[in-house]
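Read the structure below first, then the notes.
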Protein chains: 2
Amino acid sequence: MAKPTDTKIANLQDLADLAGVSRATASRALNDNPVISEKTREKLQALAKSHGYSINQKARDFRLQRTSVISVVFMLDIASEQHMSDPFFLDMLGGIADALAEHNYDLLLAHAPVEDVLELRNNRVMQQSDGTIFIGQAQQHGQLNELAEDDTNMVVWGYPVRDKSYVVVSGDNAGGGYASTKHLLELGRRQIAFFGSVDNPENAARHEGYLKALGEYGLDGNPERMVDVPFEMHRAREVIKEMVESGIDLDAAVCVSDVVALATISTLQELGLEVPKDVAVVGYDDISLAAYSNPPLTTIRQNIRHAGRILVESVLGQIQGEHVPDTMLASELVIRKSSGAG
Amino acid sequence: MAKPTDTKIANLQDLADLAGVSRATASRALNDNPVISEKTREKLQALAKSHGYSINQKARDFRLQRTSVISVVFMLDIASEQHMSDPFFLDMLGGIADALAEHNYDLLLAHAPVEDVLELRNNRVMQQSDGTIFIGQAQQHGQLNELAEDDTNMVVWGYPVRDKSYVVVSGDNAGGGYASTKHLLELGRRQIAFFGSVDNPENAARHEGYLKALGEYGLDGNPERMVDVPFEMHRAREVIKEMVESGIDLDAAVCVSDVVALATISTLQELGLEVPKDVAVVGYDDISLAAYSNPPLTTIRQNIRHAGRILVESVLGQIQGEHVPDTMLASELVIRKSSGAG
DNA sequence: CAAAGTCTTGCAATCGATTGCGTTAGTTTC
DNA sequence: GAAACTAACGCAATCGATTGCAAGACTTTG
């Protein structure tokens, strides 16, 4: 609403002059410093509002020796060609952006080829930000640990591996892998494949959950049924084709992501197999398209937006000097038609 | 590789002391100011490098009265529930982030409910950034214009509507709509529907292209075959169902996005129709999943990452005081099986 | 009434870099 | 050899806010 008057207020001094007080008093008044009398404080805050004056954040940050910037690093494995267009990332980014905005922080977006995470140290990403959020730890646990050593505020979305010096927020990967596999087993499937690369701890945990569920049914993971492909879909397609054509028995597939699952479904259909009649498929992430594929995709839902918020609260907590524990978010099996149920 | 010695260099003064020059000289030397002798310059730059000193960007920005921040605003139409998880957005964001990083700018991410775009004026988004990139103009052309009036550096990804005061980067929407429709016509389809809301100028332009192609074949757009639904997919599904069930003739559909197209395909399949045999479908955007759906989706490809770069160059150009013209990016028809070709 | 507290507020240094202007030393010109 | 330049560098103000310390105005206490 702000009814601006004629006088332009460009900085704190102007405001102070207008109110007939010193810059110092104006500063304290706007910051609700209790040492200032209520009368003065209200007067100044009202004046500021009515003149549409808001403090110069950059100057403030400069004086306070902070940046009000949190950097977000997407770990990219160039080799495996996983890239940011996976819808999963954007959901998470949305959650992060919202949470940061609420706390008056800016977002510095970067993506790092996993080979040189340490390079970030000489980069604005880490030098000129108050904290860093890593999305995915890829295979760089060691490097991340090194970064954590030099007392940076950082949090990683990934898997709580042993002997780590950084804080981790994770989904329940083992639980997710277990739940989806168990679901397929309960539907009577026995020849269950695992599709997706396990070269990072998160997927490895999902694979463990998968093995655990199989074990409970007296089965073990037949390596022939494990397609250890990166996220890149051309490759996945080829490998699945080879596998089916080489006659390996298969009546279900657990996939490490919805994108892999959707590609899997379309590959299977192309090969003349019916989903879920011949092969049931379960994905991971519940991206928005999952409900609209044909057949609709059974998947593991992680509340990714919420995860983004948790990540933010974690870094900000560290900045405040708090001791921040790891967090694991529950995941949920969303049953749709592709798994044969529904 | 920086071989740090014992002396810690925290600021320019330290560096100057070490080199035995004044702070002023050090500053100019690092900024390649020609008034400094080559000898001195090289000495200081070498010293800075060997001690791992890099300038404090925030202090520099403060002094230079700038922010080194560009804000990116995603226009969200809450009502229509279009949200950031559309993969399209992330690709563009990636392009923007990369380009900004190259120019040493930070990215401030925000999304604005379209109702109160003007609110951004009192927000860090516009107050504490050097420029703003809007993704999508939704129905807020007027408000964007108002923002543009008060000499902000801004560029909009959208459609070059008439009488606008802001710079626009756009895809060739009319051309895209025309190309996809013409493709279907050439394949012999005549009952071509248009799926997607035209409440924003971009989609309206695609619709115009659609009509133009139909016109060339002596057809006109039967309003019954136009499904004016927002991006939200539940609704789309219902409406398509109603339409098919009410017996409207239909042998092809032009969709305003791949997400709509994929939902359309799965709805049609659910209704017992074959794609592309009974109904051919064309999407828009060429998101990564488009190639992996079943059948693979024919679509219009826009080089979205590149568009991101153009957007960045446009704002940065404005900051430099250049006159920046609008840009239109070519689009390309990617033919896959869903259209009946392939 | 003087001494001792309270409350409020102001003074001035400070964060780290940039830059107009002045100064010094060296070079050229006549 | 003095005047006039030129090249290279230093001095100090400046950007806008915060904050330790001191000081002024009152109030309370003995």
Side-chain angles (χ1 to χ4, degrees), chain A residues 7-45 47-49 51-69 104-106 124 127-130 319, chain B residues 7-45 47-49 51-69 104-106 124 127-130 319:
Chain A
T7 342
K8 272 202 184 169
I9 300 204
N11 56 30
L12 205 48
Q13 184 70 68
D14 291 353
L15 184 67
D17 290 351
L18 202 69
V21 301
S22 73
R23 208 160 70 237
T25 300
S27 171
R28 291 192 254 251
L30 293 185
N31 287 313
D32 288 323
N33 188 319
V35 89
I36 295 296
S37 72
E38 200 174 337
K39 210 171 104 189
T40 313
R41 182 183 340 132
E42 281 172 3
K43 176 177 170 189
L44 275 153
Q45 295 193 352
L47 220 47
K49 181 163 289 181
H51 285 256
Y53 167 76
S54 70
I55 213 156
N56 183 323
Q57 188 67 34
K58 297 296 168 190
R60 182 165 207 266
D61 286 344
F62 171 53
R63 170 60 226 245
L64 295 179
Q65 300 278 70
R66 64 175 196 193
T67 67
S68 284
V69 170
N104 271 300
Y105 271 83
D106 288 354
R124 294 177 77 191
Q127 283 194 358
Q128 321 266 0
S129 75
D130 297 339
I319 291 173
Chain B
T7 341
K8 271 202 184 169
I9 301 204
N11 55 30
L12 204 49
Q13 186 69 68
D14 291 353
L15 184 68
D17 290 350
L18 201 70
V21 300
S22 73
R23 207 161 69 239
T25 300
S27 171
R28 291 191 254 251
L30 294 185
N31 287 313
D32 289 323
N33 188 319
V35 89
I36 296 297
S37 73
E38 200 175 338
K39 210 170 103 188
T40 312
R41 182 182 342 131
E42 281 172 4
K43 177 177 168 189
L44 276 153
Q45 296 192 353
L47 221 46
K49 181 162 289 181
H51 285 256
Y53 167 77
S54 70
I55 213 156
N56 182 324
Q57 188 67 33
K58 297 298 167 188
R60 182 166 207 265
D61 286 344
F62 172 54
R63 169 64 226 243
L64 294 179
Q65 300 279 70
R66 63 175 197 192
T67 67
S68 285
V69 170
N104 270 299
Y105 272 82
D106 288 354
R124 294 177 77 192
Q127 283 194 358
Q128 321 266 359
S129 75
D130 297 339
I319 292 173

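Computed over heavy atoms, backbone and side chain alike; hydrogens, waters and symmetry mates excluded. Just so it is clear: chains get the letters A, B, ... in the order the sequence lines come, proteins before strands, and each one is counted from 1.
Remark: A:N104 pairs with B:R124 by the side-chain contact (heavy atoms from CB on, under 4.5 Å) rule, at least two apart or across chains.
Rounded to whole angstrom, the span from the CZ atom of A:R66 across to the C1' atom of C:dG16 amounts to 17 Å. Atom CD1 of A:I36 and atom P of C:dT6 are 19 Å apart (whole Å). The CZ atom of A:R41 sits 13 Å away from the C1' atom of C:dC7 (whole-angstrom rounding). A straight line from CZ of A:F62 to P of C:dA13 spans 17 Å, rounded to a whole angstrom. Between the CG atom of B:N11 and the P atom of C:dC15 there is a distance of 8 Å, given to the nearest Å. Here the C1' atom of nucleotide C:dA17 and the NZ atom of A:K58 are 16 Å apart, to the nearest Å. What separates CG of B:N33 from C1' of C:dT19 is a distance of 9 Å, to the nearest Å. Rounded to whole Å, atom P of C:dT14 lies 17 Å from atom CG of A:L64.
Here the shortest heavy-atom pairing between B:S68 and B:D130 reads N-OD2, 2.8 Å. Looking at every heavy atom in both residues, A:Y105 comes nearest to A:V69 through CD2-N, 3.8 Å. Between B:A29 and B:L44, the shortest heavy-atom distance links the atoms CB-CD1, 3.5 Å.
Picking from D:dG16, C:dA17, C:dG10 the nucleotide with the shortest atom distance to the side chain of A:T25 gives C:dG10. If you check D:dC9, C:dG10, C:dG20 against the side chain of B:T40, the one that comes closest is D:dC9. Comparing D:dC15, C:dA17, C:dC15 against the side chain of B:L12 picks out C:dA17 as the nearest. Nearest nucleotide to the A:R60 side chain, out of D:dC11, C:dA17, D:dT18: D:dT18.
If you check every strand for non-hydrogen atoms under 4.0 Å, A:D61 touches nothing.
B:R23 has no carboxylate O lying under 4.0 Å from a charged side-chain N of B:D14, or vice versa, which leaves the two without a salt bridge.
In the helix from C:dC1-D:dG30 to C:dC30-D:dG1, the rotation axis of the first five pairs and that of the last five pairs differ in direction by 50°, rounded to 10 degrees.
Residues A:R23 and A:E38 each lie close to DNA chain C; by heavy-atom proximity, the contact nearer the 5' end of the strand is made by A:E38. Where A:R63 and B:V35 meet DNA chain D, the nucleotide closest to each residue was compared, and B:V35 sits on the side nearer the 5' end.
A donor atom on one side chain and an acceptor atom on the other are not found under 3.5 Å apart for A:Q128 and B:D106.
Considering only side-chain N and O atoms, B:S37 lies nowhere under 4.0 angstrom from the phosphate OP1 or OP2 of D:dA7.
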